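Only one structure is covered here, and it is reproduced in the block below.
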Number of protein chains: 2
Amino acid sequence: MDARQHFSDFLNGKGIRRSTRRNDVLDVFLTCEYHITANQLVELVHKKNPKIGIATVYRTLKLITEAGIARAIEFGDGSVRYEHDFGHEHHDHIVCVRCGMFREISSDEIESEQDAIARKHGFVLLRHKMVLYGVCPVCRRKQENQVNSP
Amino acid sequence: MDARQHFSDFLNGKGIRRSTRRNDVLDVFLTCEYHITANQLVELVHKKNPKIGIATVYRTLKLITEAGIARAIEFGDGSVRYEHDFGHEHHDHIVCVRCGMFREISSDEIESEQDAIARKHGFVLLRHKMVLYGVCPVCRRKQENQVNSP
DNA sequence: TTATCTGCAAAGCCTTTGCACTTAG
DNA sequence: CTAAGTGCAAAGGCTTTGCAGATAA
């Protein structure tokens, strides 16, 4: 099933109306690259329809997230990012603290260990956030060159 | 070595002056319980010395964090928390999505797996953030009782 | 003395909200 | 028709900043 249909069903199920603007926001979100901030989405939406207000983008982003089409991620740099989460495998991220470049990562070992920890504390695990911070290969090389040069 | 001494050394090393107010903020932070927000710290600091301004608390908190005495953690509820990070073992957190209760967790398996993943992507791992979200035993029981009652 | 620190209030940033107008059903 | 959706601008929460007066070295 496609994400637009899923969103439509989600809205129906909640007794929320569909609207042209909500669909526009969803379309732009689905077309654009992953890991977008609300602000960036607003700008892209405005290219399609400048009449859509910031509030609608934020409100729709919330709905899209509830519908399981977007997932909020935070790298800790002040603004929340949203990535596609419909028909995508779960993953986490590793971020370069120097240049901001990041990669998606995933590990069955970690996931099952997380489950075990939650169980040990009597929790039912629902979800998790994990972000690794380090220095990427490119920045590492730059750093080494600096150290080695006179 | 004690945290106050370490802070003093840290400031000296950076050529930053020590001051009564900075020391007051550090003292209050060291005395208070873990996982405090900046706002909560401001209130506690005001009990000791009402003349200390918000800005100084924020500025000092930044220094304390740089010095490795505090560590910033985010549960994703809007404000950053700070916990003691001097002479403490590394740990992460599991948070109840219903009541907000949380526990500290740690796992060597996860840590070493994180290292492996970072290496696989050519990163040098510096640190990580991990928060598990779930339902705690108390809230689970409440939920079950609700379902079972007429 | 003089560079740094600090309180205050203002501003910044991201996000949410109140309200009158618009639109879907 | 009428309840829900929307733009606008204002406000909210948290944090940072500019500047004149205070303070450490």
Side-chain angles (χ1 to χ4, degrees), chain A residues 4 7-29 35-67 70 72-82, chain B residues 4 7-29 35-67 70-82 100:
Chain A
R4 288 176 184 77
F7 189 53
S8 182
D9 293 350
F10 170 81
L11 295 181
N12 282 339
K14 289 226 161 193
I16 300 174
R17 289 180 186 167
R18 276 161 292 132
S19 80
T20 313
R21 307 211 161 166
R22 288 218 248 256
N23 286 338
D24 283 351
V25 173
L26 176 62
D27 283 352
V28 172
F29 175 75
H35 311 100
I36 198 173
T37 63
N39 219 354
Q40 291 171 331
L41 185 58
V42 168
E43 284 176 24
L44 291 178
V45 165
H46 277 176
K47 284 188 193 163
K48 178 166 188 148
N49 180 351
K51 298 203 139 188
I52 298 177
I54 297 172
T56 296
V57 175
Y58 272 96
R59 288 188 274 233
T60 307
L61 212 33
K62 207 168 201 170
L63 289 171
I64 292 176
T65 304
E66 283 171 29
I73 50 172
E74 288 166 84
F75 290 165
D77 61 349
S79 50
V80 179
R81 269 156 233 273
Y82 296 86
Chain B
R4 286 175 186 79
F7 189 53
S8 183
D9 292 350
F10 170 81
L11 295 181
N12 282 340
K14 288 227 162 192
I16 299 174
R17 288 182 186 167
R18 276 160 293 130
S19 81
T20 314
R21 308 212 159 163
R22 289 216 248 256
N23 286 339
D24 282 352
V25 173
L26 176 61
D27 282 352
V28 172
F29 176 74
H35 310 101
I36 199 174
T37 63
N39 220 353
Q40 292 170 332
L41 185 59
V42 168
E43 285 176 22
L44 291 178
V45 165
H46 278 176
K47 284 188 192 162
K48 178 167 188 147
N49 181 350
K51 298 203 139 187
I52 297 177
I54 297 171
T56 296
V57 175
Y58 272 96
R59 289 188 273 230
T60 307
L61 212 32
K62 207 167 201 172
L63 289 172
I64 292 175
T65 303
E66 282 172 30
R71 188 166 77 104
I73 51 173
E74 289 167 84
F75 289 165
D77 60 349
S79 51
V80 178
R81 272 155 232 273
Y82 296 85

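Please read all numbers here as calculations on a predicted model, not as lab measurements. Letters A, B, ... are given to chains in the order of the sequence lines, protein chains preceding strands, and every chain is numbered from 1.
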Taking only side-chain N and O atoms of B:Thr20, does any of them lie within less than 4.0 angstrom of OP1 or OP2 on D:dA24? yes
Quick note, B:Ser79 side chain, CB onward, closest among C:dG7, D:dC14, C:dT15 is D:dC14
Pairwise 5' ranking along DNA chain D for A:Ile16 and B:Val80, keeping only the more 5' one: A:Ile16
Tell me: CZ of B:Arg17 to C1' of C:dC5, nearest whole Å? 8 Å
What is the separation between atom CZ on A:Arg59 and atom P on C:dT23, rounded to the nearest whole Å? 15 Å
note: A:His46, atom NE2; D:dC8, atom C1'; distance rounded to Å ~ 11 Å
A:Arg21 CZ to C:dT23 P, straight-line distance once rounded to whole Å: 7 Å
Evaluate side-chain contact (heavy atoms from CB on, under 4.5 Å) for B:Ile64 paired with B:Arg22, printing each intermediate quantity in order. CA-CA 9 Å; B:Ile64 292 175; B:Arg22 289 216 248 256; over 6 Å; no
Ignoring the backbone of A:Ala55, work out which of D:dG5, C:dC14, C:dT17 is nearest its side chain. C:dT17
Just compare D:dT2, D:dT17, C:dT16 and give me whichever is closest to any side-chain atom of A:Tyr58. C:dT16
Flag the pair A:Leu63 / A:Lys14 as yes when at least one side-chain heavy-atom distance between them is below 4.5 Å, and no otherwise. no
Rounded to the nearest 0.5 Å, the CD atom of B:Glu43 sits from the CD atom of B:Gln40 at a distance of 7.5 Å
For A:Lys62, answer base if it contacts any base atom (sugar-phosphate contacts may also be present), sugar-phosphate if it contacts only those atoms, and nothing otherwise; contact means non-hydrogen atoms under 4.0 Å. sugar-phosphate
Please determine, for the side chain of B:Arg22, which listed nucleotide (D:dT16, C:dT6, C:dT17) has the closest atom? C:dT6
Among D:dT15, C:dG7, C:dC5, find the nucleotide with the atom closest to the side chain of B:Thr56. C:dG7
Look only at the side chain of B:Arg21 and the backbone of B:Gly53, and say whether a donor-acceptor pair between them is shorter than 3.5 Å. no
Round to a whole Å and report the spacing from CG of A:Asn39 to P of C:dT16. 13 Å
d(CD, A:Gln40; P, C:dC13) in whole Å: 15 Å
Nucleotide of C:dG7, D:dA25, C:dC5 approaching B:Ile52 most closely (side-chain heavy atoms): C:dG7
Nearest-Å distance for atom pair CG/C1', residues A:Leu63 and C:dT16: 14 Å
Identify, between B:Thr37 and A:Gly53, the residue whose nearest nucleotide on DNA chain D lies closer to the 5' end. A:Gly53
Starting from C1' on D:dT6, measure out to CG on A:Asp24 and report it in whole angstrom. 13 Å
Are the side chain of A:Thr65 and the backbone N or O of A:Leu61 linked by a donor-acceptor pair below 3.5 Å? yes
